[in-house]
Amino acid sequence: MTCKTEPMALAPALTDGLDRAGRRRVLVTLCTTVTVSYGVLYYAFPVLVTDMSAETGWSRSTLTAAFSGALLVAAMVGIPVGRWLDRWGPRWIMTVGSALAVPALLLVAAAPNLAAFVLGWALAGVAMAATFYPPAFTAITRWHGHRRVRGLTVLTLAAGFASTIFAPVTAFLLDHLGWQRAYVTLAALLGVVTIAGHWWGLRGPWPPAERPPGAVVQHPTRIARSLPFAALVTAVALGTFAAFAAVVNLVPMLVERGVDTGTAALILGIGGAGQVAGRLAYPALDRRTGVRTRTVVIIAVTAVTTALLGVLTSVLALIVAAVVAGMARGLKTLVHATSITDRWGTVHYGRLTGLMNMPISLAVALGPWAGSAIAGVLGGYPAAFLVLAGCALVGTGLAAISVPSQRMATPSTQRSAD
């Protein structure tokens, strides 16, 4: 394990982009708009879905399938969005995405039939691709240069409160307005905050990608077809699959084993606090470890804690495991944000992130359902959690071969591979 040093050759790129005040404006803008986007487009749905099903007569599984479809659309659209970002920057694409989110949610709220409802979520998926983490990560990575780790940490910490803010707000609107008017109100809020925010807050010259002296800039297609890229994408997707399946199925698993619902919910909530702690710890981890080491360790911790949650019986031990699992989830978000840059630089960051995000989004969409389905096949959640831990363990092995050889890496990657 070696300490990682920031390449001084990267600093000049900042002079071609924004000054300190401009970078601060971008960061504050994205902390606000990404939090609102996730809160309205993602976290409002689980609060409203029960009432939606009761009033429309459509099953919860059907409604959830439409929502999962939006996530898959976002993953597919993320690839051309990434190409746009690499060339033109985030201002136009994120503003248009925000503008599209408003009619998409209005269609969801007013859908006269299931086909219109599905269409509304498909449009919302396009908006997600332009307003969620991937484009925001690209903006901060390019504009903040060698200071990007701090900016990415602040962004994920802020957006991590999206559910904390919008779940109770959505519940309040549901109680007073019903699910349709709640979505209309949330759509209006999203439009007011994010359309103006992206247009005003993301202005400024889009700097050229960092090209450290002596680096060999590879074609993105060659990178995407390489073994390290395939290993990285699969490793992160397997870790994400295990983590999301475990966190969504944690409460029913604990209840199945005799823990009361209130205590199970407390354990789940404490795990969320661990996620914040993990993100706070990432800058120190980034300074003290190489890219291979931290990727392997974080996915390995996901595997171990998922297995422990499946076999432990002590409430205190379960709380400790939930906190550590939450820390791993928080760290994994930042590994996702920095993994392309740490291996191949920022020249094709948007495009490669879009390619990487597709299987990860698929894992996020299928994880909750798959965890429950595996439990049904195996006769209980503890066995399912062990299977999920096995998936993450496979991801740990793949993470070990996810760093390109020195001849294919930038100088900064060579210095910090292990």
Side-chain angles (χ1 to χ4, degrees), residues 30 33-38 40-43 45 66-101 104-105 119-143 148 152 155-156 159 162 190 194 198 202 206 209 219-221 223-225 229-230 232-241 244 332-341 343-344 346-367:
L30 291 174
T33 60
V34 173
T35 300
V36 172
S37 297
Y38 269 105
V40 174
L41 290 170
Y42 190 93
Y43 289 108
F45 176 80
F67 179 72
S68 296
L71 299 176
L72 297 180
V73 169
M76 291 185 290
V77 174
I79 296 173
V81 166
R83 292 173 179 168
W84 173 283
L85 288 163
D86 281 336
R87 185 169 183 180
W88 303 108
R91 189 186 189 194
W92 273 99
I93 198 74
M94 297 192 78
T95 303
V96 170
S98 298
L100 179 61
L105 288 176
L119 176 60
W121 276 115
L123 294 174
V126 177
M128 292 175 184
T131 58
F132 277 8
Y133 272 144
F137 286 164
T138 303
I140 289 178
T141 296
R142 184 74 70 89
W143 264 323
R148 56 183 167 264
L152 292 168
L155 171 63
T156 55
L190 184 148
T194 65
H198 288 145
L202 301 182
W206 188 233
H219 193 278
T221 302
I223 295 173
R225 292 176 178 174
F229 186 83
L232 171 67
V233 171
T234 307
V236 177
L238 286 171
T240 300
F241 174 79
F244 271 79
K332 188 160 53 57
T333 301
L334 285 161
V335 165
H336 182 189
T338 58
S339 58
I340 298 298
T341 305
R343 290 164 172 80
W344 295 284
T346 64
V347 177
H348 305 297
Y349 181 90
R351 182 174 179 178
L352 293 174
T353 298
L355 290 170
M356 181 180 178
N357 196 54
M358 181 179 290
I360 293 172
S361 296
L362 183 64
V364 171
L366 296 181

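For the numbers below, each heavy atom of this structure counts, side chains included, while hydrogens, waters and symmetry mates do not.
- Put simply, the side chain of His336 never gets that close to the backbone of Lys332: no donor and acceptor are under 3.5 Å apart.
- The side chain to side chain contact (heavy atoms under 4.5 Å, CB included) test with Met128 is passed by exactly one of Leu123, Val77, Leu41: Leu41.
- Between the OH atom of Tyr133 and the CD1 atom of Ile360 there is a distance of 13.5 Å, given to the nearest 0.5 Å.
- Here the closest heavy-atom approach between residue Leu100 and residue Ala127 is recorded as CD2-N, 4.1 Å.
- At most 12 non-hydrogen atoms from other residues, nucleotides or ligands lie less than 6.0 angstrom from CZ of Phe244.
- Residues Asp86 and Arg142 meet the side-chain proximity criterion, which asks for heavy atoms closer than 4.5 Å.
- When all heavy atoms of Gly97 and Ala130 are compared, the closest pair comes out as CA-CB, 3.7 Å.
- Arg91 and Leu202 make their closest contact through CB-O, 3.6 Å (heavy atoms, listed as atom of the first residue, atom of the second, distance).
- Taking CG of Leu366 as the start and OG1 of Thr240 as the end, the distance is 12.5 Å to the nearest 0.5 Å.
- To the nearest 0.5 angstrom, Ile93 atom CD1 is 13.0 Å from Arg83 atom CZ.
- Nearest heavy-atom pair across Ala74 and Ala129 is O-CB, 3.4 Å.
- Here the closest heavy-atom approach between residue Leu85 and residue Trp206 is recorded as O-NE1, 3.1 Å.
- At least one donor-acceptor pair under 3.5 Å links the side chain of Arg343 to the backbone N or O of Ser339.
- By the 4.5 Å heavy-atom criterion applied to side chains, Val40 and Leu105 are counted as neighbours.
- The structure places NE2 of His198 at 6.0 Å from CG of Leu30, a figure rounded to the nearest 0.5 Å.
- A distance of 6.0 Å or more separates the ring centres of Tyr349 and Phe137.
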Tell me, with the steps shown, if Thr338 and Leu152 meet side-chain contact (heavy atoms from CB on, under 4.5 Å).
CA-CA 9 Å; Thr338 58; Leu152 292 168; 3.6 Å; yes
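- To the nearest 0.5 Å, the span separating CG on Leu352 from OG1 on Thr221 amounts to 9.0 Å.
- Ring geometry, Phe45 versus Trp121: the interplanar angle exceeds 60°, so the pair is classed perpendicular (tilted spans 30 to 60°).
- Heavy atoms only, all atoms of each residue included: Thr35 and Ala159 are closest at OG1-CA, 3.3 Å.
- Val233 is not listed as a side-chain neighbour of Leu355, based on a closest heavy-atom distance of 4.5 Å or more.
- Atom OG1 of Thr141 is separated from atom CD1 of Ile340 by 10.0 Å, given to the nearest 0.5 angstrom.
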What verdict does the side-chain contact (heavy atoms from CB on, under 4.5 Å) test give for Phe241 and Leu362, after you've listed the backbone C-alpha separation in whole Å, the side-chain angles of each residue and the deciding distance to 0.1 Å?
CA-CA 8 Å; Phe241 174 79; Leu362 183 64; over 6 Å; no
